Amino acid sequence: MYLNSHKIVEANEILKDFNGFDLVVHNCMINANIQWGNLDQARRLFDEMPERNEVSWTTLISGLMKNGRVEESMRYFARNPFQNVVSWTAAISGFVQNGFSFEALKLFLKLLESGVKPNEVTFTSIVRACAELGDFQLAMSFVGLIVKAGFEKNVSVSNSLISLCLKMCEIDLARRVFNRMEKRDVVSWTAILDMYVEMGDLAEARRIFDEMPERNEVTWSAMIARYSQGGYHEEALKLFRQMILDAFKPNTMCFSTVLSALSNFQALRPGMNIHAHVMKIGIVEDVFISSSLVDLYSKCGKTKDGRLMFDSIMGKNVVTWNSMIGGYSLNGEMEEAKKLFDIMPQRNDVSWSGIIAGYLEHKQFDKVFEVFNGMLLSGQIPNKSTFSSLLCASAGLASLEKGKDLHGKVIKLGFEYDIFVGTALTDMYAKSGDIESAKRIFDRMPEKNEISWTVMIQGLAESGFVEESLFLFEEMEKTSVAPNDFMLLSVLFACSHSGLVDKGLQYFNSMETVYHIKPKEKHYTCVVDMLSRSGRLSEAEDFINSMPFQPEYNALAALLSGCKTYKNEEIAERTTKKLLELVDKNSSGYVLLSNIYASAGRWVDVMNVRKLMREKGLKKSGGCSWIEVRNQVHSFYSEDGTHYQSAELYGLIELLRSEMLVRDNNWTN
DNA sequence: TTAGGGTTAG
């Protein structure tokens, strides 16, 4: 009774008072102490035993191995007078579990030399050792021994072979082993789930799951994990609910997956319920669980709670650190993130990519490149994720030079055809004005997703290649990728800037009916802009009045701008009223208004608007342009004088101007 | 004594 509960301490007390010695009872107590983590007590009991049998030795050897005490375990193994196949196998599998697969194989050879015959469990461990070492050929060479020993049809051995094949991407072979099996157990079925996941067929994996003859908590956890890892968090949580309803008990691994799925939904309440539950059942200290909790709190914006959790974790690993740093980054607390990043005991590629992504998210592009340089100096090889962030940053800076440099590195590392990197490259080239290169990258991408199409359609539209943009949108409609609201915005933008007003209106009207996308404020604004640019001012005004929500500031500004171009004071007046109700802190509405009054010669009104602006403390924001010279971006503002070489530059412009005048005179004369 | 399932960055 005591051995099956947490009450191992009471059980030990009872054993102390027990007069005499019983070998079986002692073996049970050693086992129970190991199970509840009292390794030292288990060893003490073993050492004090006046008499031991095979079970005593094997229990201790495997118990020490399971807890990572490899050397200690091997010392007992060497002293073991009962060197039978079970204790050999315990040592071999212990090596494998602790990451010493090569030592496991060496021990296996010693086992063969000793004359003891390996059994099916030994072979299972050996196959796993080969899988861990990634040596498929070596595993195949053991298959001869397996057949000779008559274990080729054994369920466990076959299971380990399936898992080896999956790890080595030998999918067909995995399927052949599975099909050849005369008897299959829950492990075989769970392993085959992964085969379909590996083939990218999650639906088929689910079908196997639904139809398998037997399921246990590991099978459930596996299916839930596969959904979560594939990004199908909702499906993962649904399955978890079903698991509980079917009375299966989720364990540590299952809870960590579920917490991760909840984080993605920022589901704080359910996450906190699980936090309470894992505390109650005593697994909150598991590093996977506690790291997931750090992630959960951070993703829900509760970095303070995340930090409390983080500080309480005894055996933090690199993922724990990355989760906390990622949490600070996500919530804009970059200083805290950097502080932690600087003191973390070891960093991996995710740590670097995480902090880079944080700076990118908050548009601190200079920091992005600063950290990237640090990453290169540290010897850490950047991965696809790093490049995807860096290319976004260089697109944000519209820095073609930086982008090209990154492109070179991408090619060197062979990431060119990755879908994320390819998309980021396309976006970078498009945003940096090199639309030809953007098109080339896009066309060469072996696989494209919704985002890839979006950046290309958007890039073409915004670079003035309006027809190409609309053509590409039509091309995309032939694929399985569904249009999204960003693409529709680009399409409307393209129509607006090429005067294709009716086509634009057609697209807008089909948004809900054909594409099932509810138009947002920005789409309405784009339509107003389209109508205003083409002089259809009354239509634009009616359109604004028919909008299901308050017009955006930009929509009114677009109409006003149209009124200015087409000199329509009447609509301008009404729009201005609306604009003034909406505008308070933004100066461009006032500027536009004053320009309209000026073009109509209403100078008193112009003065009034300017006065209003002064009273409200508003200043016209200046235009800005920039150019990149030798890896450095130089910005120029219309108020001027801000660039450190302003004086020289204006001098040079004057010189050029006079040169041009001289030449002009020479030609005309 | 074994084989199947877990946390972080884009």
Side-chain angles (χ1 to χ4, degrees), chain A residues 54-55 58-59 61-63 65-66 84-94 96-97 118-128 131 154-164 166 185-195 197 216-226 228-229 250-261 263 286-296 298-299 317-327 329-330 348-358 360-361 383-392 418-421 423-424 451:
Chain A
E54 291 176 338
V55 177
T58 319
T59 308
I61 290 168
S62 83
M65 279 292 192
K66 271 190 187 139
N84 58 5
V85 63
V86 179
S87 61
W88 275 96
T89 307
I92 290 172
S93 71
V96 182
Q97 281 164 22
N119 67 9
E120 70 275 21
V121 183
T122 326
F123 281 117
T124 307
S125 301
I126 285 305
V127 173
R128 184 176 159 195
N154 177 272
V155 182
S156 299
V157 175
S158 302
N159 287 345
S160 65
L161 282 171
I162 291 176
S163 131
L164 165 87
L166 290 178
D185 64 2
V186 64
V187 179
S188 332
W189 283 102
T190 311
I192 220 68
L193 268 188
D194 258 350
M195 187 184 85
V197 176
N216 62 13
E217 71 284 355
V218 176
T219 327
W220 281 91
S221 304
M223 196 65 231
I224 292 170
R226 293 305 173 236
S228 179
Q229 287 154 353
N251 59 14
T252 323
M253 292 194 188
C254 192
F255 277 124
S256 59
T257 306
V258 168
L259 280 170
S260 155
S263 304
D286 177 86
V287 71
F288 285 85
I289 297 267
S290 48
S291 301
S292 301
L293 282 167
V294 170
D295 183 53
L296 171 87
S298 305
K299 286 225 171 85
N317 63 17
V318 67
V319 178
T320 322
W321 284 85
N322 289 349
S323 300
M324 192 66 243
I325 292 169
S329 295
L330 186 74
N348 63 9
D349 53 340
V350 179
S351 328
W352 288 96
S353 301
I355 195 102
I356 286 176
L360 171 72
E361 183 72 28
N383 61 19
K384 293 167 186 166
S385 163
T386 328
F387 279 112
S388 141
S389 295
L390 282 158
L391 287 164
C392 266
D418 174 72
I419 189 161
F420 284 100
V421 178
T423 304
I451 305 172

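Throughout, protein chains are lettered first and strands after them, A, B, ... in sequence-line order, and every chain is numbered starting at 1. Not measured: the values here are computed from a predicted model.
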Check: Using a cut-off of 4.0 Å on non-hydrogen atoms, how would the nucleic acid contact of A:Ser93 be classed: base, sugar-phosphate, or nothing?
Finding: sugar-phosphate
Checklist line | Nearest-neighbour nucleotide for the A:Met253 side chain, B:dA9, B:dT8, B:dG5 considered | finding: B:dG5
Next item on the list: Ignoring the backbone of A:Asp185, work out which of B:dA3, B:dG5, B:dT7 is nearest its side chain.
Entry: B:dA3
Checklist line | Selection from B:dT2, B:dT1, B:dG10 that lies nearest to any side-chain heavy atom of A:Lys384 | finding: B:dG10
Next item on the list: Report yes if a side-chain nitrogen or oxygen of A:Ser260 is closer than 4.0 Å to either non-bridging phosphate oxygen (OP1 or OP2) of B:dT8; otherwise report no.
Entry: yes
Margin query: Under 4.0 Å, heavy atoms only, any strand: does A:Thr190 hit a base, just the sugar-phosphate, or nothing?
Written below: base
Notebook entry, point to check: Which part of the nucleic acid, if any, lies within reach of A:Val287 when heavy atoms closer than 4.0 Å are counted: base, sugar-phosphate only, or nothing?
Noted result: base
Margin query: Any donor-acceptor pair, under 3.5 Å, between the side chain of A:Asn216 and the base of B:dG4, if you only look at N and O atoms?
Written below: yes
Check: Base, sugar-phosphate, or nothing: which does A:Gln97 touch, judged by heavy atoms less than 4.0 Å apart?
Finding: sugar-phosphate
Note to self: Can you identify which nucleotide, out of B:dA3, B:dG5, B:dT1, has its nearest atom closest to the A:Glu217 side chain?
What the structure shows: B:dG5
Margin query: Heavy atoms only, 4.0 Å cut-off, all strands: where does A:Thr219 land among base, sugar-phosphate and nothing?
Written below: base
Check: So, is A:Ser163 close to the B:dG4 phosphate, meaning a side-chain N or O under 4.0 Å from OP1 or OP2?
Finding: yes
Note to self: Using the side-chain heavy atoms of A:Val319, tell me which of these nucleotides is nearest: B:dT7, B:dA9, B:dG6.
What the structure shows: B:dT7
Next item on the list: Ignoring backbone atoms, test whether A:Gln229 places a side-chain nitrogen or oxygen under 4.0 Å from the OP1 or OP2 oxygen of B:dG5.
Entry: no
Next item on the list: Measure the distance from CG on A:Asn322 to C1' on B:dG10 and round it to the nearest whole Å.
Entry: 14 Å
Next item on the list: List for me each residue that meets side chain to side chain contact (heavy atoms under 4.5 Å, CB included) alongside A:Ser351, sequence neighbours excluded, and say none if there are none.
Entry: A:Val318, A:Asn322, A:Phe341, A:Met344, A:Arg347, A:Asn348
Next item on the list: Among B:dG6, B:dG10, B:dT8, find the nucleotide with the atom closest to the side chain of A:Ser385.
Entry: B:dG10
Notebook entry, point to check: Contact class for A:Ser292 vs. all strands (heavy atom < 4.0 Å): base, sugar-phosphate, or nothing?
Noted result: sugar-phosphate
Next item on the list: Taking the side chain as every heavy atom from C-beta outward, state whether A:Ser291 and A:Asn317 have any atom pair closer than 4.5 Å.
Entry: yes
Check: What about A:Asn383, does its side chain sit under 3.5 Å from the base of B:dG10 through a donor-acceptor pair?
Finding: no
Checklist line | Nucleotide nearest A:Ser353 (side chain, heavy atoms from C-beta), chosen from B:dG5, B:dG10, B:dA9 | finding: B:dA9
Note to self: In whole Å, I'd like the distance from the CZ atom of A:Arg226 to the C1' atom of B:dG5.
What the structure shows: 7 Å
Next item on the list: Nearest whole angstrom, please: distance from the P of B:dG4 to the CG of A:Asn154.
Entry: 14 Å
Check: Would you say B:dA9 has OP1 or OP2 under 4.0 Å from some side-chain N or O of A:Lys299?
Finding: yes
Item checked: Check: A:Asn84 and A:Glu54 side chains under 4.5 Å, non-hydrogen atoms -> yes
Next item on the list: Return the nearest nucleotide to the side chain of A:Ala222; candidates are B:dT1, B:dG10, B:dG5.
Entry: B:dG5
Next item on the list: Return the value, rounded to whole Å, for the distance between atom CG of A:Leu161 and atom P of B:dT2.
Entry: 18 Å
Item checked: Sugar-phosphate, base or nothing in reach of A:Thr252, heavy atoms under 4.0 Å -> base
Notebook entry, point to check: CG of A:Leu164 versus P of B:dT2: gap in Å, rounded?
Noted result: 19 Å
Next item on the list: Any chance you could lay out the side-chain contact (heavy atoms from CB on, under 4.5 Å) test for A:Asp349 and A:Thr386, step after step, and finish with the verdict?
Entry: CA-CA 8 Å; A:Asp349 53 340; A:Thr386 328; 5.6 Å; no
Notebook entry, point to check: CD1 of A:Ile289 versus P of B:dT8: gap in Å, rounded?
Noted result: 12 Å
Next item on the list: Kindly indicate whether the side chain of A:Ser256 and the base of B:dG6 share any N or O donor-acceptor pair separated by less than 3.5 Å?
Entry: yes
Note to self: With side chain to side chain contact (heavy atoms under 4.5 Å, CB included) as the test, pick out the partner of A:Asn216 among A:Asp185, A:Val186, A:Val187.
What the structure shows: A:Val186
Next item on the list: Look at the side chain of A:Asp194 against the base of B:dG5 and say whether a donor-acceptor pair falls under 3.5 Å; ignore hydrogens and angles.
Entry: no
Notebook entry, point to check: Which residues pass the salt bridge (charged side-chain N to carboxylate O under 4.0 Å, His left out) test with A:Asp194, sequence neighbours left out?
Noted result: A:Arg226
Notebook entry, point to check: Name the one of A:Thr124, A:Thr122, A:Thr58 that satisfies side-chain hydrogen bond (donor to acceptor under 3.5 Å, both in side chains) with A:Thr89?
Noted result: A:Thr122
Notebook entry, point to check: How long is the line joining CH2 of A:Trp321 and P of B:dT8, in whole Å?
Noted result: 18 Å
Checklist line | Whole angstrom value for the distance that separates P of B:dG5 from CG of A:Asp286 | finding: 16 Å
Check: Which of the following nucleotides, B:dT2, B:dG4, B:dT7, is nearest to the side chain of A:Val218?
Finding: B:dG4
Check: Under 4.0 angstrom, heavy atoms only, what part of the nucleic acid is A:Val186 near: base, sugar-phosphate, or nothing?
Finding: base
Item checked: Listed nucleotide nearest any side-chain atom of A:Phe288, set B:dG6, B:dA3, B:dA9 -> B:dG6
Checklist line | Any side-chain heavy-atom pair of A:Ser298 and A:Leu330 under 4.5 Å | finding: no
